[in-house]
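The sequence lines fix the lettering, A, B, ..., with proteins before strands; numbering per chain opens at 1.
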Number of protein chains: 2
Amino acid sequence: MPYTYEYPHPAVTVDVLVFTFQAGELKLLLIQRGRPPAEGMWAIPGGFVNIDESLKRAAWRELNEETGVHAAYLRQLGAFGHPDRDPRERIITVAYLALLPVDRLHIQAGSDAMDARLFGLQKLPELAFDHAKILRRAHERLRQNFADASTALHLLPETFTMSQLRRVHEQVLGETLDKRNFSKKMQTAGLVAPTGEKQKVGAHRPAALYRKA
Amino acid sequence: MPYTYEYPHPAVTVDVLVFTFQAGELKLLLIQRGRPPAEGMWAIPGGFVNIDESLKRAAWRELNEETGVHAAYLRQLGAFGHPDRDPRERIITVAYLALLPVDRLHIQAGSDAMDARLFGLQKLPELAFDHAKILRRAHERLRQNFADASTALHLLPETFTMSQLRRVHEQVLGETLDKRNFSKKMQTAGLVAPTGEKQKVGAHRPAALYRKA
DNA sequence: GCAAAAGTGTTTGAGGTACACCCATGC
DNA sequence: GCATGGGTGTACCTCAAACACTTTTGC
């Protein structure tokens with residue numbers, strides 16, 4: 001108990017919103033809390049920032065602990081610090097946004113979690129603390145970041161079909177996009193290159209595969 | 001000395017980047033530090049977050065202490081938390097971006113400042129701590145926010161000329177803009193309305209005044 | 001009258017949007 | 001053969017960009 005200060009200090013955590021794209025849906029990684037407060041509730045994964053660790057480094061550590069991932073699109077979303085957002089003590093959290101392809105993601109429930117799962121954004125459980133607010137801000141931010149169309153590529157595997165890429169955009173923007181216009185735009189923008197391969201799934205014409213250009 | 005914790009806690013501050021537009025230039029409010037560390041150096045105004053105060057509220061308090069202003073455009077820029085960014089102890093700061101018209105700004109050097117002044121962005125002194133880094137991020141963010149052309153209006157007084165508005169944009173974007181195209185865009189976007197008044201200054205044709213529409 | 005900033009229209013090109021039919025496959 | 005999603009081209013329109021001369025004022 002040796003850490004003493006002249007003035008009260010808040011605790012600082014990082015929370016990482018891990019988004020990926022699976023089964024035609026944009027999904028978010030949540031953990032089920034294994035201890036109080038909010039035990040049993042679903043929450044955005046995160047943890048305390050070590051005293052000699054940068055915020056970004058703490059975010060990488062948390063991301064790695066939950067997913068095994070070392071490299072990904074990782075951006076700071078912002079700080080959330082309402083005085084009563086956590087019942088234990090004053091906790092300020094810095095939220096990060098991570099985008100990564102589902103095939104690189106190996107979900108591991110951290111030591112203080114009962115479970116960890118991906119949830120479609122339309123099928124989310126009730127979230128602990130102020131995490132619903134953080135998620136709303138993340139979603140707004142995603143929409144902004146998708147103005148740069150290359151952002152979506154971080155959510156997909158090495159190769160992907162044009163429909164998959166289009167569905168990522170559609171789900172983030174919350175509107176449907178024209179197939180022809182979308183494909184034209186991606187190609188003339190030089191964002192994707194055809195691999196020459198095709199992907200056969202289901203009772204329909206195979207789809208051409210593309211890679212990030 | 002009564003504040004003890006089981007684990008070390010960082011201190012948390014808010015810093016407020018106050019931008020305004022004066023004498024044809026985009027300016028930033030800086031304070032000259034009146035005590036160590038970095039005594040005598042110029043810095044972005046800020047201070048510690050009270051333990052029962054939200055981040056936003058702390059930012060408003062700091063803004064008000066330095067400028068007397070209660071209402072302004074105030075947005076969170078982000079958190080900066082390198083472990084060695086302050087020599088005293090681990091301090092994480094949450095930076096805010098404020099835009100306000102110069103005629104509402106009443107600069108008051110806070111209690112721990114020797115001086116407070118506006119600086120043109122091209123004529124900045126060397127900044128304390130990691131404040132140059134924070135400023136770079138603020139400038140990037142300003143450029144992004146100016147994609148919404150109405151943002152610039154927060155920097156100008158109630159009435160203004162088209163040239164003033166154009167110069168705000170030019171300085172944030174770092175490029176010159178075509179007079180005719182700019183004026184057309186502002187008016188067809190419905191962002192400004194002519195007041196009917198004119199402003200006579202200097203040996204040239206008077207400029208029409210506009211207000212926010 | 002001259003210097004200094006304000007004011008004003010037209011043309012062009014690029015990119016975004018709307019829109020409908022045939023193709024390859026599995027069952 | 002039929003259901004399913006994949007793939008393709010054209011016409012239109014909107015908006016951004018380029019561009020030069022006249023006007024009003026103070027000195």
Side-chain angles (χ1 to χ4, degrees), chain A residues 21-25 143-144 146-152 156-157 159-211 213, chain B residues 21-25 143-144 146-152 156-157 159-211 213:
Chain A
F21 190 74
Q22 184 192 45
E25 269 191 313
R143 272 192 291 270
Q144 287 173 24
F146 268 54
D148 175 358
S150 68
T151 306
L156 292 173
T159 64
F160 49 86
T161 68
M162 196 56 84
S163 292
Q164 287 174 324
L165 180 55
R166 182 163 42 81
R167 273 185 211 109
V168 172
H169 280 262
E170 287 178 339
Q171 298 210 11
V172 169
L173 301 177
E175 58 188 307
T176 61
L177 300 172
D178 183 85
K179 252 196 304 192
R180 284 167 291 191
N181 292 338
F182 182 82
S183 170
K184 203 189 317 174
K185 188 170 158 185
M186 293 300 119
Q187 299 199 247
T188 63
L191 289 178
V192 298
T195 63
E197 306 285 305
K198 300 209 176 221
Q199 169 184 282
K200 294 194 191 190
V201 288
H204 54 82
R205 180 170 173 177
L209 285 168
Y210 294 84
R211 70 160 51 90
Chain B
F21 190 73
Q22 184 192 45
E25 268 191 313
R143 272 192 291 269
Q144 287 174 24
F146 268 53
D148 175 357
S150 67
T151 306
L156 291 173
T159 65
F160 49 86
T161 69
M162 196 56 84
S163 292
Q164 288 175 323
L165 181 54
R166 182 162 43 82
R167 271 184 215 110
V168 172
H169 280 262
E170 287 178 340
Q171 298 209 11
V172 169
L173 300 177
E175 58 189 304
T176 60
L177 299 171
D178 182 85
K179 251 196 304 191
R180 285 166 290 191
N181 291 338
F182 182 82
S183 170
K184 202 188 318 173
K185 189 170 156 184
M186 293 300 119
Q187 300 200 246
T188 62
L191 289 178
V192 298
T195 64
E197 306 285 306
K198 300 209 177 223
Q199 170 183 281
K200 295 195 191 190
V201 288
H204 53 83
R205 180 170 174 176
L209 286 168
Y210 295 83
R211 70 160 51 88

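For the pair Glu25(B) (side chain) and Gln171(B) (backbone), a donor-acceptor distance under 3.5 Å is absent. In this structure, Thr195(A) contributes its side chain and Arg211(A) its backbone to no donor-acceptor pair below 3.5 Å.
For the pair Arg167(A) CZ and dT4(D) C1', the interatomic distance rounds to 12 Å; values are reported in whole Å. In this structure, CG of Leu209(A) is placed 12 Å from C1' of dG6(D), rounded to the nearest angstrom. For the pair Arg166(B) CZ and dA17(D) P, the computed distance is 15 Å after rounding to whole Å. Atom CZ of Phe182(B) is separated from atom P of dT8(C) by 15 Å (rounded to the nearest Å). Between the CD atom of Glu170(B) and the C1' atom of dA5(C) there is a distance of 13 Å, given to the nearest Å. If you measure from atom CG of Leu177(B) to atom P of dC19(D), you get 15 Å, rounded to the nearest angstrom. Spacing between atom CD of Gln187(B) and atom P of dG7(C) amounts to 10 Å, rounded to whole angstrom units. Nucleotide dG6(D) holds its C1' atom 11 Å from the CD atom of Gln199(A), rounded to whole Å.
With sequence neighbours excluded, no residue forms a salt bridge (Lys or Arg N to Asp or Glu O under 4.0 Å) with Glu197(B).
At a threshold of 4.0 angstrom between heavy atoms, the contacts of Ser163(B) are confined to the sugar-phosphate backbone, with no base atom among them.
The minimum heavy-atom distance between Ala149(A) and Leu191(A), with the atom names listed, is CB-CD1, 3.6 Å.
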Do any side-chain atoms of residues 200-208 of chain B form donor-acceptor pairs under 3.5 angstrom with protein atoms, and if so which ones, sequence neighbours left out?
| residue | atom | partner | partner atom | Å |
| --- | --- | --- | --- | --- |
| His204(B) | NE2 | Val201(B) | O | 2.7 |

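The shortest distance between side-chain heavy atoms of Gln187(A) and Met162(A) falls below 4.5 Å.
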message: Base contacts versus sugar-phosphate-only contacts with protein, heavy atoms under 4.0 Å: please encode nucleotides 17-25 of chain C as B, S and - from 5' to 3'.
response: BBBB--BBB

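When the nearest nucleotides of DNA chain C are assigned to Ser183(B) and Val201(A) by heavy-atom distance, the more 5′-ward of the two goes with Ser183(B).
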